[in-house]
Amino acid sequence: MLDVRKIRENPDFYRERLARRNSGDDLLIAQVLVLDEQRRKRLQENEALKSERNRTSKEIGAIKSKGGDASEPTARMKLVGDQIAKLDQELATIETEQSDILLRIPNINHDSVPVGTSAEDNRIERVVGEKAEFTFKPRPHWEIGTELGLIDLEAATKISGSGFIVFKGLGARLERALISYLLDLHTTHHGYTEVSTPFLVRGESMQGTSQLPKFAEDMYRVEEAPPLYLVPTAEVPVTNLHREELLSADKLPIRYAAYTPCFRREAGSAGKDTRGLIRVHQFDKVELVHIVTPEESYATLEVLVGHAERVLQDLGLHYRVLSLCTGDIGFGAAKCYDLEVWAPGVGAWLEVSSCSNFEDFQARRMNLRYKNSEGKNIFCHTLNGSGLALPRLFIALLETYQQADGHILIPEPLRPYLGGRKEI
RNA sequence: GGACAGGUGGCUGAGUGGUUGAAGGCACUCGACUCGAAAUCGAGCGUACCCUCUAAAGGUACCGUGGGUUCGACUCCCACCCUGUCCGCCA
């Protein structure tokens with residue numbers, strides 16, 4: 001969420017920066033300003049009335065304690081009370097309207113973010129490794145995986161419908177191995193604290209990390225009172241761990257690594273990437289979350305990307321790093337790098353990680369602050385990145401390490417997690 | 001699910017209709033004492049918003065949350081949430 005006061009001070013800056021996103025959100029600034037004007041006018045009026053009431057009420061108390069007659073001021077304050085009630089009502093309406101709009105305005109992008117209108121305009125930062133060479137035509141993962149009995153997509157459809165996966169035998173084992181491997185790597189080598197959080201969260205948490213109110217249709221909702229949401233990413237429960245907190249400076253930086261399944265309705269994407277495991281409604285992911293001071297958030301973003309890249313390097317996979325442009329970047333992100341791994345079977349780059357700096361956008365929504373050395377309360381900066389998302393990593397491994405005889409080689413780092421196996 | 005107890009500042013803990021933003025204690029900051037430290041003494045020390053020369057001073061709100069009664073609510077009434085203890089049920 002953006003700071004209304006800053007918008008008030010420099011509306012043109014916000015209009016111009018939001019216009020870069022090409023989403024039409026710059027037009028909302030005018031609405032915010034009108035409501036803000038109305039709000040402050042009534043607020044001042046209301047506070048003056050309350051001040052008068054407080055003062056007079058004390059006088060009434062003094063008169064009564066001396067046994068005097070206070071009927072005149074009492075009657076007068078009754079009228080003032082009615083006015084206050086009316087203004088309170090109006091203020092509540094305006095404030096709700098204003099925050100409804102503010103919650104739907106995306107974040108301002110960092111200066112280094114390329115300006116563009118679509119994924120075409122994303123900037124390729126670097127390409128690491130090379131495309132694997134084959135003496136045969138590389139096959140897609142659904143063929144390899146089904147043939148080796150690692151996945152059963154028909155069974156998944158029977159149980160839950162399209163967009164779900166059943167892993168079997170060594171496939172299930174590989175999935176579990178990857179989760180363990182990723183958590184071990186990040187906790188022992190990159191200094192993350194492992195956390196295991198609920199998979200169902202309340203609406204407040206979704207609003208804190210900015211999935212709500214705008215993206216309700218992307219999520220699975222459980223009809224409770226109040227409703228619960230299936231997490232679309234561990235970012236939600238993990239970042240919200242410190243919602244409504246005032247952290248002491250020595251607590252920062254905080255680094256969490258968490259495994260969760262992720263549930264996504266992916267509305268509107270029907271027909272795209274529907275084969276195999278590329279786009280599914282439920283998938284596993286290990287997520288990395290940082291809570292830091294504003295001074296260090298951009299340096300941290302580079303470190304975070306490095307942690308995600310390390311996985312692909314260690315597993316010997318070919319990948320590239322993109323800096324998302326203003327037209328493609330996510331709602332809450334100020335800056336975002338995507339990691340795409342090469343999948344030779346399907347012949348495509350697949351997004352396996354998205355590493356973002358939200359600056360104070362999420363912290364403001366969840367009121368997450370820390371006390372700095374001067375004793376001032378400052379909103380923290382939050383970041384998160386996948387480290388990594390599993391099905392697509394699974395795809396890349398199957399397709400990259402497929403052999404002519406139909407088997408798959410296991411990269412060295414994963415072997416201890418698969419009972420020492422070199423091949424599936 | 002049932003019964004009881006309780007939710008007050010960074011922590012602890014008073015406060016049952018009117019100078020209570022909130023006693024006392026702890027912690028913290030500054031100062032005095034000291035060669036230095038401890039102890040002791042003195043002073044200070046919540047958050048958000050509005051206003052504003054992002055000065056000083058002021059104003060408003062906040063004692064789990066949301067309503068209600070009242071000129072006035074931490075204090076009275078209603079609903080809800082959470083925590084603890086005991087009982088029941090259960091992986």
Side-chain angles (χ1 to χ4, degrees), chain A residues 1-11 13-14 32-99 101-103 196-208 222 224-229 237 240-252 254 291 294 360 363-380:
Chain A
M1 184 159 66
L2 302 178
D3 185 349
V4 205
R5 258 187 309 185
K6 288 186 183 156
I7 294 177
R8 194 191 302 154
E9 282 164 16
N10 199 353
F13 170 82
Y14 284 88
V32 170
L33 290 174
V34 168
L35 288 168
D36 193 48
E37 197 58 41
Q38 294 177 4
R39 196 191 108 244
R40 279 154 60 221
K41 182 164 164 273
R42 280 169 181 72
L43 187 65
Q44 284 168 41
E45 204 179 317
N46 203 20
E47 288 187 351
L49 289 172
K50 283 181 175 171
S51 178
E52 184 188 345
R53 182 176 69 180
N54 287 345
R55 188 164 24 82
T56 309
S57 288
K58 272 182 191 168
E59 287 167 15
I60 292 170
I63 293 168
K64 285 198 171 176
S65 69
K66 288 177 195 150
D69 173 26
S71 56
E72 188 276 325
T74 301
R76 200 149 44 81
M77 285 310 103
K78 198 168 174 59
L79 292 177
V80 169
D82 290 345
Q83 282 185 69
I84 290 171
K86 182 167 158 275
L87 282 168
D88 275 343
Q89 207 40 256
E90 290 178 16
L91 269 169
T93 306
I94 292 169
E95 276 165 14
T96 305
E97 207 178 326
Q98 188 181 36
S99 82
I101 295 173
L102 280 170
L103 287 169
S196 178
T197 58
F199 304 156
L200 284 167
V201 300
R202 323 164 53 131
E204 289 91 324
S205 297
M206 286 293 199
Q207 182 171 298
V222 178
E224 283 290 309
L228 291 169
Y229 297 84
N240 276 286
L241 239 28
H242 296 286
R243 182 152 56 93
E244 300 287 346
E245 285 187 17
L246 177 59
L247 302 167
S248 60
D250 57 22
K251 283 255 175 75
L252 301 179
I254 291 172
I291 300 173
D360 67 5
R364 203 175 279 282
R365 287 173 165 245
M366 62 175 83
N367 196 26
L368 164 56
R369 298 169 303 167
Y370 79 102
K371 199 173 273 295
N372 74 4
S373 54
E374 290 164 16
K376 284 187 71 178
N377 300 337
I378 312 278
F379 285 111
C380 300

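Quick note: numbers below take in every heavy atom, side chains included, and nothing from hydrogens, waters or symmetry partners. These numbers come from a predicted model, not from an experiment.
- When each of A:R39 and A:A62 is assigned the nucleotide of RNA chain B with its nearest heavy atom, A:A62 is the one assigned upstream, toward the 5' end.
- Within the 4.0 Å cut-off from OP1 or OP2 of B:A48, at least one side-chain nitrogen or oxygen of A:R369 is found.
- Taking atom C1' in both B:G59 and B:C4, one finds a spacing of 44 Å when rounded to whole Å.
- Rounded to an integer number of Å, the gap from CD1 of A:I378 to C1' of B:U54 is 13 Å.
- The interatomic distance linking A:H242 (NE2) with B:G10 (P) rounds to 17 Å, in whole Å.
- Among the protein residues, A:R42 comes within range of no part of the nucleic acid, since none of its heavy atoms lies under 4.0 Å from any strand.
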Dot-bracket encoding of pairs in RNA chain B, which uses [ ] for pseudoknotted crossings and | for another strand, Watson-Crick or G-U under 3.5 angstrom: ((((((((.[[[..)..(.....]]].(((((.......))))).(((((.......))))).[[[[[..)....]]]]])))))))....
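- Applying side chain to side chain donor-acceptor pair (under 3.5 Å) to A:D36 and the options A:K41, A:R8, A:R5 leaves one that passes, A:R8.
- On the P atoms, B:C74 is 15 Å away from B:A23, given to the nearest whole Å.
- Among the heavy atoms of the strands lying under 4.0 Å from A:R8 are primed sugar atoms or P, OP1, OP2 only; no base atom is included.
- Contact annotation: A:Q44 reaches the phosphate of B:C51 (side-chain N/O to OP1 or OP2, under 4.0 Å).
- Closest heavy-atom contact between A:Q207 and A:R365: O-NH1, 2.9 Å.
- Although no hydrogens or angles enter the test, the distance criterion places no donor-acceptor pair under 3.5 Å between the side chain of A:R42 and the main chain of A:L87.
- What separates NZ of A:K50 from C1' of B:C50 is a distance of 12 Å, to the nearest Å.
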Nucleotide-resolved protein contact map, nucleotides 69-81 of chain B, B/S/- at heavy-atom distance under 4.0 Å: --BS---------
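- Listed by chain and residue number, A:N377 satisfy the side-chain hydrogen bond (donor to acceptor under 3.5 Å, both in side chains) test with A:K371 (two or more places apart in sequence, or in another chain).
- If you take atom P in B:C26 and the same atom in B:G13, they sit 15 Å apart, rounded to whole Å.
- The P atoms of B:C81 and B:C28 are separated by 40 Å, rounded to the nearest whole Å.
- A:S205 and A:N240 get closest at one heavy-atom pair: O-ND2, 2.9 Å.
- The minimum heavy-atom distance between A:L2 and A:Y14, with the atom names listed, is CD1-CD2, 3.8 Å.
- Taking atom P in both B:U52 and B:A27, one finds a spacing of 42 Å when rounded to whole Å.
- Using a 4.0 Å heavy-atom cutoff across all strands shown, A:R5 reaches sugar-phosphate atoms only and no base atom.
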